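Okay, so here's the structure we're looking at.
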Amino acid sequence: MSWLTARTGILALAIALNGCSPSGSSSESSGEVAGDQLVTLSGRAAVGAPIANAPVNARCEGGEGFIGSVTTNESGGFLGQVESSALPCAIRVTGIGEDKVLHSYTSSGGTTNITPFTDLIIALSASMAPMDWFNQDEHVSAVGSLEQARDEFLSALRNANYDVPGSGFDPFTSSFQINDAVDQLLDTFSAAVRNTPNVADYQAFVDLISSGNLAAIPQAPTPPEEDDSGSSDGGGTGDDDGTGGDVGTGGDDGTGGDDGTGGDDGTGGDDGTGGDDGTGGDDGTGGDDGTGGDDGTGGDDGTGGDDGTGGDGSTAADLCAPPQIAPTGTLIEFSQQLYDTQSGEEIGIVSIRQEILGPMEFRGEETQAILVEDVSEGVTDESRNTTYVSIDTTAMVERTHGSTSVDPETGEETTLWYEPIFNYPYALAIEEEYVQSVSQFSSTGDGPETLLSELDYTIQFKGVETITVPAGTFDACKYYQTSSTSLAPAPSTSAVWFNVEDGIAVKSAAVEDGVEITEVELLSYSVNGAQQAP
């Protein structure tokens, strides 16, 4: 049996995600440096496409700015800190291209996006070009009524038929991800501005908005109408999704067409019975990817084949038991040996205790709550947090939603969460990669939501290996994890091994120039007091 706690509880994963100690605390996320009260400013710079690897500057009260240099990552995310006394701040990203030098504003820290929307709202509110506004000393008086300008601008977008999110959307402070609905809105808007007749370039458009001319906002492009004339590129009688069309009989995806019976993806076609991806075809029974074929039972990707169970390309779902939810009240205790990756010497033992608390709602999502305690020698019982996880059986991933912890001195609760939810897949084929980008946020008590870091993450299934650690010898599912964050942009790779039988993490190692250097090994673990290993 593979338990829900197996992957979410591994020390190596916690370090990769948060730069944290086993208890989940993080010196980098506190927002404080000795002698200074610092506020974190973070967000995303994008025009739809991310503005990557571009410098971000802050111009705050008294001429202050960011503590150190700040640059966007590949997905446009950035994170920097300013002294609290320096707020409010004008923000600028300087990308390549006149439409990628954009501005924003914050009076309280936290999420601060930089997009054409923030740039144009500032132009509207300040009645001047944002670059001129940025160079002024009095940003507060110069920016005017920013909230009123924001509401007027968003109303004008809606009137121009753009799909703007609901009333809670704020271009300055609402977090978004590349390729989500907000990002697609930016893409659509930016393309419409570029294609506006009689407007020379983006700066000319900015000048129109700064003069209060919201009527200059171009109408949202109208999606092309579907062809219902009875024919399509795929040929045959019918529309795009009908008989003889792209997805219909005789069409690209229909019977006799590219994806239909007798077509490329249909019966006798590339993806159909007897076709390239069908029965007897490349992906079908007896074909290259079917039973007896490259991807089918007995074929290259099937049972006994190159990529099937027992073959060269077995999936983790075939070999590594999919996770299950352990019963409420289950106690799992494990100890891990830590090693110095430079000298190879033992540097300490970490002991973790997990208790399944059962179903619990976390930020509107149904999850399983797991109490995680660091019970290592010398650590008090106050070093604990509750982690919220779930299993998505459709996407075949374990999902980590976030965690909560309570400060033993103040009693305040701090919540950490991921947007989107962090996924760990368990159905990859050998060498297949799963790539995701998430943002980690936090809030304490009634305080503001703060972006702690942006995380780009790749998980690759390497297959099953037999390994020996102090706890014993295990057949283990092996993964490579490569990550980079806005706090540590240089990518790093680690290897991690999970026991085939129950999914417990048995080892992790740093990977440098193809060499695996052991970081953590399993010493022992028990379930409800019954020793499982050694």
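The shown structure was predicted, so the numbers you read here are calculated from the model rather than taken from an experiment.
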Practice item. With sequence neighbours left out, write down each residue that passes side chain to side chain donor-acceptor pair (under 3.5 Å) with Ser175, or none if nothing qualifies. Key: Glu419
Revision key, fill the gap. Rounding to 0.5 Å, atoms CD (Glu83) and CD (Glu61) come to a distance of 13.0 Å
Check your understanding: Who are the side chain to side chain donor-acceptor pair (under 3.5 Å) partners of Asp340, not counting sequence neighbours?
Key -> none
Point to revise | Listed partners of Phe153 passing ring-ring contact (aromatic ring centres under 6.0 Å, His included), at least two apart | key: Phe117
Check your understanding: Does Glu433 have any salt bridge (charged side-chain N to carboxylate O under 4.0 Å, His left out) partners at least two apart in sequence or in another chain, and if so, which?
Key -> none
Review point. How far apart are the C-alpha atoms of Glu516 and Lys478, what are their side-chain angles, what is the distance that settles it, and do they pass the salt bridge (Lys or Arg N to Asp or Glu O under 4.0 Å) test?
Key: CA-CA 12 Å; Glu516 296 168 358; Lys478 179 181 180 181; 2.6 Å; yes
Study note, to complete from the structure: Sorted by chain and number, sequence neighbours left out, salt bridge (charged side-chain N to carboxylate O under 4.0 Å, His left out) with Arg158 holds for none
Practice item. Name all pairs fulfilling the salt bridge (charged side-chain N to carboxylate O under 4.0 Å, His left out) condition that reach into residues 112-128, sequence neighbours left out, sorted by first residue then second. Key: none
Point to revise | Listed once per pair and sorted, the ring-ring contact (aromatic ring centres under 6.0 Å, His included) pairs that draw on residues 388-412, sequence neighbours left out | key: Phe362-Tyr388
Study note, to complete from the structure: dist Glu413:CD -> Thr410:OG1 (nearest 0.5 Å) comes out at 11.0 Å
Point to revise | Check: Ser127 side chain, Ala123 main-chain N or O, donor-acceptor pair, under 3.5 Å | key: no
Review point. Under the side chain to side chain donor-acceptor pair (under 3.5 Å) rule, what pairs show up with a residue in residues 68-79, not counting sequence neighbours?
Key: Arg44-Ser75, Asn53-Glu74, Asn73-Ser75
Point to revise | Counterpart residues, salt bridge (charged side-chain N to carboxylate O under 4.0 Å, His left out), relative to Glu431 (two or more places apart) | key: Lys462
Check your understanding: Is there a donor-acceptor pair under 3.5 Å between the side chain of Arg399 and the backbone N or O of Val389?
Key -> no
Check your understanding: Does any donor atom in the side chain of Tyr424 or Gln481 lie under 3.5 Å from an acceptor atom in the other side chain?
Key -> yes
Review point. Would you say Glu147 has more than 12 foreign heavy atoms packed within less than 6.0 Å of its CD?
Key: no
Practice item. Tell me, please, which residues at least two apart from Arg150 pass salt bridge (charged side-chain N to carboxylate O under 4.0 Å, His left out). Key: Asp170
Point to revise | Residue pairs, two or more places apart or on separate chains, that pass salt bridge (charged side-chain N to carboxylate O under 4.0 Å, His left out) and touch residues 120-131 | key: none
Point to revise | Thr450: partners by side chain to side chain donor-acceptor pair (under 3.5 Å), with sequence neighbours left out | key: none
